[in-house]
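Encoded as structure tokens, the structure appears first; notes follow it.
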Amino acid sequence: MSGPLAAMNRVERVRRRAYLAVAGGSGVAHVFIVAEQLLRRDWANAAAFTLGMLVSAWVVVALAWLRWPTARLSGLIVTVVTISTTAEFVPLLRAPEIGTWSFLSFLIMVALWFGLLPLRAAVPATLLAYLLFAGLAASRPVHDLSLLVYLACTTILIGMASGFGQQITAFQQDAVTFEQAALTDPLTGLPNRRAALERLRHLHGLVRRGEHAGFTLVLLDLDHFKQVNDTRGHTVGDEVLRALGPALRQVLRADALLARWGGEEFVLVIPGTGAQEARVVTGRLDGLSLQLPAPLPEMTFSAGAVLAHEADSVAGLLDLADRRLYAAKRAGRRQLRWDAPGGPRQAS
């Protein structure tokens with residue numbers, strides 16, 4: 001797996017672990033708080049704490065069992081935490097002073113806003129919430145202005161740290177987007193030559209080290225494609241190339257890599273195939289006629305196939321597959337060949 005994409009996956013794994021740890025700890029804490037309130041028959045914040053307990057349990061279920069991505073939970077968490085914190089602050093309108101616990105609750109809410117919301121939403125929401133909270137605290141008969149100053153400073157630090165983190169995440173997402181574009185053929189949407197070569201080199205290295213069972217490499221070339229361009233125009237030719245992937249996918253295994261090699265040539269990499277299975281898999285391609293959506297013409301192709309152990313390098317495999325492809329062309333097209341002059345006679 002390549003750099004930026006691997007980095008994003010690592011970020012998602014860290015987020016999942018963090019969400020699970022926080023949700024688990026929050027769930028346990030809320031259970032104890034609710035249990036204590038039941039024993040004391042104190043119902044002041046029972047609804048808010050019960051809601052927090054249920055949401056914590058739901059986050060654990062969604063991540064651990066339903067395997068939701070963390071981004072899918074962000075809106076739910078922000079909404080519930082904001083509602084429960086606001087409900088917790090309502091009784092403070094009649095309280096003589098604002099306790100330290102309320103300051104901590106405010107910081108938790110702000111941290112979640114900056115962590116889960118875009119900055120353009122988190123900044124104004126935090127500013128408004130701070131002004132309301134500070135006004136509430138300053139209006140109490142007993143209040144500590146130093147705590148409000150400390151709260152403002154801490155809130156600014158949280159916002160700055162979150163801003164840097166979101167910028168890094170945005171850069172990583174842009175890098176993933178650019179990387180995927182660099183590995184994708186713009187016309188067909190299939191992986192391109194570079195992506196196919198990376199996959200081939202990775203698999204061939206595993207095979208050489210004895211860490212993989214093998215693979216089959218097939219080079220495909222559409223028959224009489226130039227005639228389609230000359231008689232029907234390049235627009236129809238482009239439509240044919242775009243329709244090839246979905247048409248071939250109907251007869252390919254789900255784990256097979258189909259990539260555009262260049263022009264009307266395509267490459268197929270089928271992992272985990274030995275000689276016998278390779279014959280069965282490629283037998284579905286031998287002589288196949290591709291029924292493309294109307295009004296596109298019916299297309300056939302010639303192909304050459306090799307097994308991973310038939311050459312010591314990826315370049316050698318590609319050269320052998322290419323010679324077998326052109327042997328299929330010379331033999332009349334619309335066929336897949338496992339033999340060619342100067343190459344092994346069959347998959348063995």
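Heavy-atom basis, side chains included; hydrogens, waters and symmetry copies ignored.
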Practice problem: Report yes or no: does T282 contribute a side-chain atom to a donor-acceptor pair with the main-chain N or O of A278 at less than 3.5 Å? | Solution: yes
Quiz prompt | Shortest non-hydrogen contact from P297 toward V236 | solution = CD-CG1, 4.3 Å
Quiz item: Any donor-acceptor pair under 3.5 Å linking the side chain of R253 with the backbone of P271?
Solution: yes
Quiz item: So do the side chains of E264 and F301 get within less than 4.5 Å of each other, counting heavy atoms only?
Solution: no
Exercise. Find out if a path of hydrophobic residues (ILVMFWY) with successive side-chain heavy-atom gaps under 4.5 Å connects F133 to V90.
Key: no
Self-check item: F266 vs L219 side-chain heavy atoms within contact, under 4.5 Å
Solution: no
Exercise. Check R337 against A327 and note the closest heavy-atom contact, atom names and distance.
Key: NH1-O, 3.5 Å
Quiz prompt | Residue pair D223 / K329: nearest heavy atoms and the distance that separates them | solution = OD1-NZ, 3.2 Å
Self-check item: Over all atoms of both residues, closest heavy-atom pair of W338 and R324
Solution: O-CZ, 3.1 Å
Exercise. Group every Ile, Leu, Val, Met, Phe, Trp and Tyr by side-chain heavy-atom contacts under 4.5 Å, then state whether L66 and L73 land in the same group.
Key: yes
Self-check item: Rounded distance (nearest 0.5 Å) linking atom CG of L325 with atom CG of L320
Solution: 11.5 Å
Exercise. Apply side chain to side chain donor-acceptor pair (under 3.5 Å) to the pair D221 and S302, showing each step before the final yes or no.
Key: CA-CA 5 Å; D221 186 274; S302 305; over 6 Å; no
Self-check item: Heavy-atom side-chain contact between T184 and P191 under 4.5 Å
Solution: no
Quiz item: Are L190 and L187 connected in a single hydrophobic cluster, I mean Ile/Leu/Val/Met/Phe/Trp/Tyr linked by side-chain heavy atoms less than 4.5 Å apart?
Solution: yes
Quiz item: Any donor and acceptor pair, going by atom type alone, linking the side chain of R242 with main-chain N or O of T188 inside 3.5 Å?
Solution: no
Quiz prompt | From L220 atom CG to L244 atom CG, the distance as rounded to the nearest 0.5 Å | solution = 7.5 Å
Exercise. Could you tell me whether the side chain of Q227 and the main chain of F225 form a donor-acceptor pair under 3.5 Å?
Key: no
Quiz item: What distance do W58 atom CH2 and L54 atom CG have between them, rounded to the nearest 0.5 Å?
Solution: 12.0 Å
Self-check item: Contact summary for S56 and A23, nearest pair of heavy atoms
Solution: CB-O, 3.4 Å
Exercise. State the CG-CD distance between L292 and E239, to the nearest 0.5 angstrom.
Key: 10.5 Å
Self-check item: Stepwise side chain to side chain contact (heavy atoms under 4.5 Å, CB included) test for L93 and L136
Solution: CA-CA 7 Å; L93 294 172; L136 176 65; 3.6 Å; yes
Practice problem: Begin with the C-alpha distance, continue with both residues' side-chain angles, and end with the deciding distance and a verdict on side chain to side chain contact (heavy atoms under 4.5 Å, CB included) for T216 and L307. | Solution: CA-CA 5 Å; T216 301; L307 291 174; 3.5 Å; yes
Practice problem: Could you tell me which non-hydrogen atom of A259 sits nearest to which non-hydrogen atom of A196, and how far apart they are? | Solution: CB-CB, 3.8 Å
Quiz item: Are the side chains of R249 and L258 in touch, meaning some heavy atoms are under 4.5 Å apart?
Solution: yes
Quiz item: Is it the case that one hydrophobic cluster holds both L131 and V149, taking links as side-chain heavy atoms less than 4.5 Å apart, direct or via other members?
Solution: no
Self-check item: Linked, directly or transitively: F32 and M53 (ILVMFWY side chains, under 4.5 Å)
Solution: no
Quiz item: Quick check: does any side chain N or O of R16 sit under 3.5 Å from a backbone N or O of W68, one acting as donor and the other as acceptor?
Solution: yes
Practice problem: Among L268, D322, V267, find the residue that satisfies the side chain to side chain contact (heavy atoms under 4.5 Å, CB included) test when tested with W261. | Solution: V267
Exercise. Side-chain contact test, heavy atoms from C-beta onward, threshold under 4.5 Å: evaluate it for F89 versus F106 and give yes or no.
Key: yes
Exercise. Would you give the length of the straight line joining atom CZ of R260 to atom CG of D185, rounded to the nearest 0.5 angstrom?
Key: 4.5 Å
Quiz prompt | R208 (side chain) donor-acceptor with D312 (main chain) under 3.5 angstrom | solution = yes
Self-check item: From CA spacing to verdict: side chain to side chain contact (heavy atoms under 4.5 Å, CB included), L92, R140
Solution: CA-CA 9 Å; L92 298 179; R140 300 301 89 190; over 6 Å; no
Quiz item: When rounded to the nearest 0.5 angstrom, what distance separates CG in L222 from CG in L241?
Solution: 6.5 Å
Practice problem: List the steps, then state whether side chain to side chain contact (heavy atoms under 4.5 Å, CB included) holds for F215 with L317. | Solution: CA-CA 11 Å; F215 61 88; L317 290 175; 3.8 Å; yes
Got a list of side-chain donor-acceptor pairs under 3.5 Å for residues 107-130, not counting sequence neighbours?
unit_1	atom_1	unit_2	atom_2	d
W113	NE1	T82	OG1	2.9
T126	OG1	A122	O	2.7
Y130	OH	L148	O	2.8

